[in-house]
Amino acid sequence: MATASAASFKSACEDALALVKRMREPLVIGHYDADGVSSTSIVLLGLRGMEKKYRVRTLRKLGELEIAELKKAGEKEIICVDFGAAMHAELAKLEASGAKVLIIDHHQTPEGKSAVMQVNPHLFGLDGGTELSAAGTAYRVFGAVASEEAIDLALVGAVGDMQAPLVGENRRILKEAEAMGRVKIEKDLTLFGRVSRPLVWFLTYSTDTFLPGLTGNEQGSTEFLHSLEISLKHSDQWRKYVDLSAAEKKKLTAALLALLEKNGLSTSGLVGEVYSLIKRPHGTELSDTNEFSTVLNACGRQGKPEIGIALCTGEEGAYEKARALLLKHRTALREGIEYAQSAVEDFGPFHFLDARGIIDDGIVGVVAGMLYSVLDRDKPILAAALDKDNRVKISARGTKQILARGVNLGKIMQEAGGPGCGGHAVAAGANIQPELLESFLLKAGKLIEASNGKK
């Protein structure tokens, strides 16, 4: 399973599909974020294409307790999606007791190999943090038996996992989708709401990129648009960004870039490749990969990932339910970033946000990443929240320049936090006991310092 080549990756996908075909009624266990919901849905679409029965469950984490519950329940056919790599040795114990286990993941494996059948780009010389998401991996396994819509979800999962602009295997999938007439590739503003939000809200509720004087300020956003002589309505309809002329888009983009530069903020994430899903309902969040992924993220992080799965698999009424969760999610993020901006501290090797009891553990990682709109991008951000068991969840976020210096947050979380901790080089996490927080942060800080400049 550890041979690093495109041929062996393709062979592993074929072997995985063959294993699934031998299953009678597998339990599909998926992660709850956008990539997890997308990849889980692709697996379900594949199982439907094979006319197989299945059961599905979504979890925030897959650790020793969750695996013990699977053993206690006597589960014999298990497909883990968007997690499992860090727990492959524990999952192998289920196989030893007679279960069939398949892992479809893209996170780093602690030993660089797997004790059970695992399709993971990291095991085949691909970077699962930048080149292929869990959704893309699931698509490579199930694409031949799933419905055509599955390729949309492969792109949504990758964008939701912050892998845009898409490169490597992700880009090959993107080009396949383009050839199928399912996606349009453009360079444009990357702010959430290009196709679904009225212009004023497009700016007011921009939280992924913090816009000084506009984010959280409806009056300021209104005056900003008026100063550019961009009308907010056409007849009685509120205009959206996609309704603007090419000249108006160019004018607005230039003004936003100037605003960020004037305030000494990074402009790197404001403009980039965007991907429109041509065959999804026009003018809705589902026609844009970024917005679609945000809707799925909202479902998962508001405790309703099953609604995201229902949306992906085409169940009637799921879109309306998902949009309601999106509104709730954006409110939670706005409140979270307002607190975070005042509470984040400089701990030397990294920035630290102690959000225990204040920000939900389901969104603390998202909030941590959003802090880069106001913090320097040369240090990782570590954020702490409490999970449902009152353990401390650590979410670590970094940037490409941090990664270029040799800092690998996934490996650092593994080493500092132990089994079940880890993730990607630029986005990782750990779950620890409260009394171990101080020692964990000290160890993580030393590992970050030791990693700097090693690449």
Side-chain angles (χ1 to χ4, degrees), residues 33-35 106-108 121-122 125-136 155 157-174 185 187-192 206-210 256-257 260-261 264-275 289-290 293-294 297 344 346-353 365-383 394-414 422-429 444-445 447-455:
D33 68 1
D35 191 28
H106 70 132
H107 297 92
Q108 298 171 101
H122 284 289
L126 301 171
D127 188 339
T130 59
E131 295 182 84
L132 192 63
S133 68
L155 303 177
V159 171
D161 217 56
M162 300 181 292
Q163 295 191 7
L166 302 181
V167 300
E169 191 64 23
N170 278 330
R171 194 153 200 91
R172 280 185 276 277
I173 295 173
L174 175 68
I185 308 168
K187 189 171 183 180
D188 209 341
L189 284 178
T190 59
L191 301 181
F192 179 86
S206 172
T207 49
D208 296 325
T209 298
F210 181 78
L256 291 174
L257 288 168
L260 293 177
E261 290 172 353
L265 300 177
S266 172
T267 61
S268 61
L270 186 66
V271 176
E273 268 193 355
V274 295
Y275 313 111
T289 54
N290 185 27
S293 70
T294 302
N297 226 6
V344 66
D346 190 336
F347 270 37
F350 58 87
H351 297 292
F352 180 61
L353 171 64
V366 182
V367 171
M370 289 163 60
L371 280 170
Y372 278 122
S373 63
V374 294
L375 295 178
D376 70 79
R377 303 176 67 85
D378 291 329
K379 293 182 181 182
I381 299 170
L382 272 61
I394 301 292
S395 291
R397 296 292 183 268
T399 62
K400 289 181 180 178
Q401 52 257 56
I402 294 169
L403 177 62
R405 294 203 307 269
V407 176
N408 185 321
L409 293 176
K411 292 182 178 179
I412 288 170
M413 292 296 103
Q414 285 176 12
H424 301 303
V426 296
L447 290 169
I448 292 168
E449 289 181 324
S451 300
N452 274 311
K454 280 194 173 182
K455 191 166 182 178

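Since the model is a prediction, treat every value here as computed from it, not as a measurement.
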Open item on the list: Testing the basics here: between I412 and L447, what is the closest heavy-atom pair and its distance to 0.1 Å?
Closed with: O-CD1, 3.9 Å
- [ ] Output yes when a side-chain donor or acceptor of D188 lies under 3.5 Å from a complementary backbone atom of V271, and no otherwise.
- [x] no
TODO: Please tell me if the side chains of V274 and K187 come closer than 4.5 Å, counting only heavy atoms from C-beta onward.
DONE: no
Open item on the list: Ignoring hydrogens, what is the shortest heavy-atom contact between A425 and L403? Give both atom names and the distance.
Closed with: CB-CD1, 3.4 Å
Task: D161 vs H106, side chain to side chain contact (heavy atoms under 4.5 Å, CB included): CA-CA, chis, key distance, verdict - done: CA-CA 11 Å; D161 217 56; H106 70 132; 2.9 Å; yes
Task: Side-chain donor/acceptor of Y275 to backbone N/O of L166, under 3.5 Å - done: yes
TODO: Output yes when a side-chain donor or acceptor of T289 lies under 3.5 Å from a complementary backbone atom of L155, and no otherwise.
DONE: no
TODO: Would you tell me whether N297 and T294 have side-chain atoms, one donor and one acceptor, within less than 3.5 Å of each other?
DONE: no
Open item on the list: Distance check, rounded to the nearest 0.5 Å: N290 atom CG versus L191 atom CG?
Closed with: 9.0 Å
- [ ] Please assess L189 against L270 for the test side chain to side chain contact (heavy atoms under 4.5 Å, CB included), listing each intermediate value before the final yes or no.
- [x] CA-CA 6 Å; L189 284 178; L270 186 66; 3.8 Å; yes
Task: Straight-line distance of N408 CG to I448 CD1, nearest 0.5 Å - done: 11.0 Å
Task: Side-chain touch R172/V167, heavy atoms, less than 4.5 angstrom - done: no
Open item on the list: When you measure from the side chain of Q163 to the backbone of V159, do you find a donor-acceptor pair of N or O atoms at a distance under 3.5 Å?
Closed with: no
- [ ] State the NE2-CD1 distance between H351 and I381, to the nearest 0.5 angstrom.
- [x] 6.0 Å
Open item on the list: Tell me whether E273 is salt-bridged to R171, with the criterion being a basic N under 4.0 Å from an acidic carboxylate O.
Closed with: yes
Task: Nearest heavy atoms of P349 and P380, plus distance in Å - done: O-CD, 3.4 Å
Open item on the list: Taking the six-membered ring for Trp, are H424 and H107 closer than 6.0 Å centroid to centroid?
Closed with: yes
Open item on the list: Once rounded to the nearest 0.5 Å, what's the spacing between atom CG of D346 and atom CG of L375?
Closed with: 9.0 Å
TODO: Nearest 0.5 Å please: distance from the CZ atom of R377 over to the CD1 atom of I402.
DONE: 8.0 Å
TODO: Of all the heavy-atom pairs spanning D35 and A158, show the shortest one and how long it is.
DONE: OD1-N, 4.3 Å
Task: Stepwise side chain to side chain contact (heavy atoms under 4.5 Å, CB included) check, Y372 with T399 - done: CA-CA 9 Å; Y372 278 122; T399 62; 3.7 Å; yes
TODO: Might you point out which heavy atoms bring M162 and A427 nearest each other, and give the distance in Å?
DONE: CE-CB, 4.2 Å
TODO: Grab the two heavy atoms, one from L409 and one from R397, that are nearest each other, plus how far apart they are.
DONE: CD1-C, 3.5 Å
Open item on the list: Using a 3.5 Å distance criterion without hydrogens, assess whether the side chain of S293 forms a donor-acceptor pair with backbone atoms of G157.
Closed with: no
TODO: Show the numbers, then the answer: is there a side chain to side chain contact (heavy atoms under 4.5 Å, CB included) between D378 and R405?
DONE: CA-CA 10 Å; D378 291 329; R405 294 203 307 269; 4.2 Å; yes
- [ ] Please work out whether the ring planes of F347 and F350 are parallel, tilted or perpendicular, with thresholds of 30° and 60°.
- [x] tilted
